[in-house]
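So that the names make sense, note that chain A is the first sequence line, chain B the second, and so on, each numbered from 1.
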Amino acid sequence: MNIPSKYDPASVEDKWYSYWMENGFFRSTPDTREPYTIVIPPPNVTGVLHMGHMLNNTLQDVLIRRARMQGKNALWVPGTDHASIATEARVVNKLAEEGIKKTDLTREQFLEHAWKWTHKHGGIILEQLKKLGASCDWDRTCFTMDEALSESVIQVFVDLFNKGLVYRGVRMVNWDPQALTAVSDEEVIHKEVASKLYYLRYKVEGEEEYITIATTRPETILGDTAVCVHPEDERFTKFHGKKVLVPLIKRPVPIIVDAYVDREFGTGALKITPAHDINDYELGLKHNLESIDIFNDNGTLNEAALLLVGEDRFKARKLIVPMLEEAGNLVKTEDYMNKVGFSERTDAVIEPKLSLQWFLKMKELGVPALEHVMNDDVQLQPAKFKNTYRHWMENVKDWCISRQLWWGHRIPAYFYGEGPNDYVVAVSIEEAVKLAVEKTGKTSLQAADLRQDEDVLDTWFSSWLWPISVFDGIRNPDNEDINYYYPTNDLVTAPEILFFWVARMIIAGYEYRNEKPFNSVYLTGIVRDHQRRKMSKSLGNSPDPIELMKKYSADGVRVGMLFCSPAGNDLLFDEGLTEQGRNFSNKIWNAFRLIKSWEVDSQLEQPAHSAEAVQWFEAQMAKAFIEVEDQFNKYRVSDALMIVYKLFWDEFSSWYLESVKPAYQKPIDALSYKRTIAFFDQLLHMLHPFMPFITEEIWHLISDRAKGESLMISAMPAPDHYNKVLIGQVEAIKEVITHVRSIRKDKNIPPREGLKLMVRTSSGAAYHSHLESVIIKLAMLSGVEMIQEEPASAVSFMVRNVEYFVPLEGLVNTAEEIEKMEAELDYTRGFLLSVQKKMSNERFVQHAPAQVVEKERQKMTDAEGKIAALETQIAKLKAQA
RNA sequence: GGGAGCUUAGCUCAGCUGGUUCAGAGCACCUGCCUUACAAGCAGGGGGUCACUGGUUCGAAUCCAGUAGUUCCCA
């Protein structure tokens, strides 16, 4: 058979993905098995795959494939999120390119465009996930704006409203003047910005005195309604109860006193603009100040500003400074670093703004969600995030759930009049008419008389139901799916959305199922480049995942991602790691090629070295299975992979295969062949969750398989014990072999030239003679001989107190040998001294556990034996010289 | 300003309830090999006062306190 020496993934990956799909291996329906469920964190419907998705979904696929092979009924539910702000922004941009303004369209027309866009681009990302090998049940693909999910959202809103938890109110919100919508606190990103601090003096009314304040936003003075000083600040006592004139517009405003003012900052006097600063707003409420809103929704100044009407806020800032200077109000300007809030979605500077919004009361709802995370009913992996979580939940604020957008779930509130409370909340307009009639007594009210709220709900208000709504558990709370699959097992997501999403899902879970949505949350790190910069489109430092998979194969990229992804730590992605992943594929491929090239001779007896190697590898592999299981239980997927990687590369390829490998063009015995194939088969099982494609390919090539058989649905071996003693013995003979190889290299002896190894045991040290034939084979020896007297002219070494000699006539440099041994003797003496010191310390012998003391005693006798052996050898060598 | 975390080899990180699995892994590096499975490879090898200072202890990378640097979250 002629198999190429390089594995070619391109021809393999699509073939097996189709095979899996055709056979319905990804599908799941409730049955009597234990379920294992993951719901995907739904990516934005119009998004494209980035490195964060790659990491996230690789992890999910590893978990789900492993669970499936462990005999669980594994279900991974895929889907997408409508992402109102992001998607609407894209649609607006696209329309703008076509010369269409959103304001020219009706809501219905705009939504038509948005749906078209969604259908065109939606699902691209899901197709990309298939390339990665994601074993989702695609028949269950959900979208947050599917009918069932939308109805669930509306039903929940109505329910929460009826429970008195949803309310409408005027609040200071984070206004995005570009998207023209309020955004939640969590969607505001604070960044340090170099700006200026302007010192402005306000004339005291009726006097020739001035109060100087400092501000970074001079344009907002037009909305000032007070100046505030600290009550105990003596500099200002004389002004208490007086008024100052706002510069330029000369509006008299009161000087108020409040301990809120930081006397040390700026001048110790603070201008108060309740409409445009959250702290000022609070003070305004406390002191009954007027609130003057000087901005339009798009960030330009309105009539209330009196000056610079129609100018953008940043232009107004530039323009007002010279005006203030001319009027004699500008005292000085300083450079200043301050934190400014930016919109996560549009990057516009957030404007604090008073507006009428819908809110959800969070305090009460949050109680079980906090409790069940703190007591580990819901486990955060890694647990360090519990602190952060608690901090947030203990300080949770009401959630502003309305957005001034069209793309999303429209708020089901229907107004029948102009009053602030002239509305009803209902799941449908028919229901709303009924309620409105009831509420008003006006039996003549009809659907046409009602006007639905224009706003839509925050996207997270639908995704917080995701683990329930994908199983239709809101509308049909007792259906078979939700009863079987919920709560789900693991959620894999980024810590950045711990509060946006994870916390709220937990809240919704307890509110609507009286049960957690998932057992564990695996928080992945952020994918960064090797300079620790976050990977982003704007920096251009993110590789295209699809290109990466083309270059290094899906398996290679999966392995590359996992190599650098300890849970909760950011990962520094490096293309070198995907290369390592690809190289690993190749290694597996070549091991397969080797085995496949063997010819079997059933007449042949199994050689001793093969029998020994088989026994040993069986133990070594069982050990690895047990360790992998342990790592998975700790969600240390990266470490689990490393165990498999080393098992395959070092133990299996470098030690085991080299031991059983027949000489060139010689056949192998049937028993060794059979065992080797069986080992390979098990290794493929172990590897499959990480590298599904190459393992499936080889699994089909290595033995005859029936139609419809697949590695992905075959059972994962689960040994529960292994021969620890044997593994320890093999570790010792590996050292022996390495020593011999090293001597060979030092002395430049070609591999063909057989060396003789002599062994001397004393003081009870054990030489593992049953493993001798492995030593002979791998160290390429001509023979092994047990001796009493050390031979003349030999290089020697010690492994675990057994002395080994390689006689090398004419090649031994006696002086060098002596030097080497004396160095080792020195070290061992020092070591012995430190142990003796410990043993002669009575407090150690008394306080330390007996086991520890016993170990120390053993070390002492070992070292003593070693010293004795070295001393006699050195003496002998010296006598010769 | 408040809170949390991190600091171990050139890089990325393991080291759980203090004691030979204690100074480890992978990559990178150095040396020699195109040895018929694999140069995307094989064999051999060199790297670290465990940030600093003090404390607890018979014993500290590990526990405690402080210092410095660094990252993140919240305001």
> Which nucleotide in the set A37(B), G3(B), G45(B) lies at the smallest distance from any side-chain heavy atom of Lys661(A)?
Replying inline: A37(B)
>> Using OP1 and OP2 only, check whether a side-chain N or O of Ser654(A) sits under 4.0 Å from A43(B).
In response: yes
> Would a line drawn from the ring center of Phe563(A) to the ring center of Tyr645(A) be shorter than 6.0 Å?
Replying inline: yes
> With syn defined as a glycosidic torsion within 90 degrees of 0 and anti otherwise, which applies to G47(B)?
Replying inline: syn
> When rounded to the nearest Å, what value does the distance between P atoms of G46(B) and A23(B) take?
Replying inline: 16 Å
> Would you say the side chain of Leu577(A) lies within less than 4.5 Å of the side chain of Val559(A), judging by non-hydrogen atoms?
Replying inline: no
> At what distance, to the nearest 0.5 angstrom, does CD of Gln729(A) lie from CZ of Arg800(A)?
Replying inline: 9.5 Å
>> Measure CD1/Ile643(A) against C1'/U21(B) and give the value in whole Å, please.
In response: 14 Å
>> Tell me whether the side-chain N/O atoms of Thr738(A) come closer than 4.0 Å to OP1 or OP2 in G44(B).
In response: yes
> Looking at G44(B), U20(B), C38(B), which one has an atom nearest to any side-chain atom of Lys859(A)?
Replying inline: U20(B)
> Considering only side-chain heavy atoms of Gln580(A), which listed nucleotide, G2(B), G26(B), A37(B), is closest?
Replying inline: G26(B)
> Under 6.0 Å between the ring centres of Trp589(A) and Phe592(A)?
Replying inline: yes
>> Between U36(B) and C42(B), how many Å separate the two C1' atoms, rounded to a whole number?
In response: 13 Å
> If a stem is a run of at least 3 consecutive Watson-Crick or G-U pairs, both distances under 3.5 Å, which stems include RNA chain B?
Replying inline: B:1-7 with B:68-74, B:10-13 with B:24-27, B:29-33 with B:41-45, B:51-55 with B:63-67
>> What is the distance, to the nearest angstrom, from the CZ atom on Arg744(A) to the P atom on C33(B)?
In response: 16 Å
Could you pull out the protein-nucleic contacts involving nucleotides 15-17 of chain B (nitrogen or oxygen on both sides, under 3.5 Å)?
residue, atom, partner, partner atom, Å
G15(B), OP1, Arg636(A), NH1, 2.6
G15(B), OP1, Arg636(A), NH2, 3.4

>> With a 4.0 Å cutoff (strictly under), does any side-chain N or O of Tyr7(A) reach OP1 or OP2 of A37(B)?
In response: no
> If you find the nucleotide of RNA chain B closest to Ser653(A) and the one closest to Tyr645(A), which residue's nucleotide is nearer the 5' end?
Replying inline: Tyr645(A)
>> Is the ring pair Phe797(A)/Tyr804(A) parallel, tilted or perpendicular, if the boundaries are 30 and 60 degrees?
In response: parallel
> So, Phe652(A) versus Phe679(A), ring centres under 6.0 angstrom or not?
Replying inline: no
>> As a quick check of understanding, evaluate salt bridge (charged side-chain N to carboxylate O under 4.0 Å, His left out) for Lys820(A) and Glu816(A), giving each step before the final call.
In response: CA-CA 6 Å; Lys820(A) 223 167 62 188; Glu816(A) 218 170 69; over 6 Å; no
>> Expressed as a whole number of angstroms, how long is the span from Trp392(A):CH2 to A75(B):P?
In response: 11 Å
> Which part of the nucleic acid does Ser597(A) contact within heavy-atom distance under 4.0 Å: base, sugar-phosphate only, or nothing?
Replying inline: nothing
> Would you say Trp649(A) reaches A25(B)'s phosphate, i.e. side-chain N/O to OP1/OP2 under 4.0 Å?
Replying inline: no
> Which of the following nucleotides, A14(B), A43(B), A37(B), is nearest to the side chain of Asp639(A)?
Replying inline: A14(B)
>> Is it the case that the base of A37(B) and the side chain of Glu658(A) share a donor-acceptor contact (distance under 3.5 Å, atom types as modelled)?
In response: yes
> For Arg582(A) and A40(B), is the shortest distance between a side-chain N/O and OP1 or OP2 below 4.0 Å?
Replying inline: no
> If the C1' atom of G1(B) is compared with that of C11(B), how far apart are they to the nearest Å?
Replying inline: 36 Å
> Just how far, in rounded Å, is P of A43(B) from NZ of Lys734(A)?
Replying inline: 11 Å
>> When you measure from the side-chain N and O atoms of Lys397(A) to the phosphate of A75(B), is any distance below 4.0 Å, counting only OP1 and OP2?
In response: yes
> Would Lys734(A) and Glu651(A) pass as an ion pair if we require N to O under 4.0 Å?
Replying inline: yes
>> Suppose you measure atom P in G41(B) against the same atom in A28(B); what distance do you get, rounded to whole Å?
In response: 9 Å
> Side chain of Lys745(A): nearest nucleotide among A37(B), G5(B), G44(B)?
Replying inline: G44(B)
> Would U17(B) be called syn or anti, given that syn covers angles within 90° of 0?
Replying inline: anti
>> Quick check: do Asp630(A) and Ile626(A) have side-chain heavy atoms less than 4.5 Å from each other?
In response: no
> Do Glu824(A) and Lys866(A) meet the salt-bridge criterion of a basic N to acidic O distance under 4.0 Å?
Replying inline: yes
> Rounded to the nearest Å, what distance is computed from the CD1 atom of residue Ile727(A) to the P atom of nucleotide U21(B)?
Replying inline: 16 Å
>> Do Val806(A) and Lys747(A) make a side-chain contact, defined as non-hydrogen atoms from C-beta onward lying under 4.5 Å apart?
In response: no
> Separation of Glu735(A) atom CD from U20(B) atom C1', in whole Å?
Replying inline: 13 Å
> With rounding to whole Å, what would you report as the distance between C22(B) and C29(B) at their P atoms?
Replying inline: 30 Å
> Would you say the side-chain atoms of Asn813(A) and Glu817(A) include a donor-acceptor pair closer than 3.5 Å?
Replying inline: no
> Considering only the P atoms, how many Å lie between G45(B) and G24(B), rounded to the nearest integer?
Replying inline: 14 Å
>> Could you tell me how far C6(B) sits from U20(B) if I compare only their C1' atoms? Round to whole Å.
In response: 29 Å
>> Between Met393(A) and Ile507(A), is there a side-chain heavy-atom distance shorter than 4.5 Å?
In response: yes
>> What is the separation between atom CD on Glu651(A) and atom P on A25(B), rounded to the nearest whole Å?
In response: 13 Å
>> What is the distance, to the nearest angstrom, from the CE atom on Met780(A) to the P atom on G44(B)?
In response: 10 Å
>> Checking one value: the base orientation of U21(B), syn if chi is within 90 degrees of 0, otherwise anti.
In response: syn
> Quantified in whole Å, what is the P atom distance between nucleotide U56(B) and nucleotide C16(B)?
Replying inline: 24 Å
> Within the structure, does a side-chain N or O atom of Asn583(A) lie under 4.0 Å from either OP1 or OP2 of G41(B)?
Replying inline: yes
>> I want to check one thing: is the phosphate of C42(B), taken as OP1 and OP2, less than 4.0 Å away from some side-chain N or O of Lys587(A)?
In response: yes
